[in-house]
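Below is one structure, written out as structure tokens; the observations come after it.
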Amino acid sequence: EVVRVKFSVCGKKFTAYVPSDNIWIAVKDVLLNREYEYFPEFELCNFTGGVIVDAGAHVGLFSLVAWDDRELGLLVYVLALPRQWLLQYP
């Protein structure tokens with residue numbers, strides 16, 4: 001089963017689709033704990049230009065938010081299961 005998740009980051013609204021058995025991990029790590037943005041210089045709200053590499057992008061929540069940033073130089077994300085890509089970009 002796939003669950004629709006709506007959330008907001010830096011004032012921007014997003015909708016993502018997450019397998020129900022991954023919902024807690026994905027939401028807790030990426031959206032609640034913001035573990036990829038632990039230091040202010042890594043917060044997407046403060047990031048301009050450069051390259052972001054999201055290796056093992058899980059269900060793609062962080063990549064989805066990073067890709068929406070208009071000032072992003074380059075985003076490279078690697079999914080362990082390529083079918084996960086279809087959840088965010090059908």
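Just so you know, these numbers come straight off a predicted model, no measurement behind them. Keep in mind that the numbers below use all heavy atoms, side chains included, and drop hydrogens, waters and symmetry copies.
One distance of note links CH2 of Trp24 with CG of Asp29; it measures 9.0 Å at 0.5 Å rounding. For the atom pair CG of Leu64 and NZ of Lys12, the computed distance is 11.0 Å after rounding to the nearest 0.5 Å.
Of all non-hydrogen atoms in Leu61 and Ala16, the two that sit nearest each other are CD2-CB, 3.3 Å. The nearest pair of heavy atoms linking Glu37 to Glu43 is OE1-CA, 3.3 Å. For Phe62 against Val30, the heavy-atom pair with the smallest separation is N-CG1, 3.7 Å.
At least one side-chain heavy atom of Val65 sits less than 4.5 Å from a side-chain heavy atom of Phe7. A 4.5 Å side-chain heavy-atom check between Val27 and Val18 finds every atom pair outside the cut-off.
Hydrophobic clustering (ILVMFWY, side-chain heavy atoms < 4.5 Å, transitive): Ile25 and Tyr17 are in distinct clusters.
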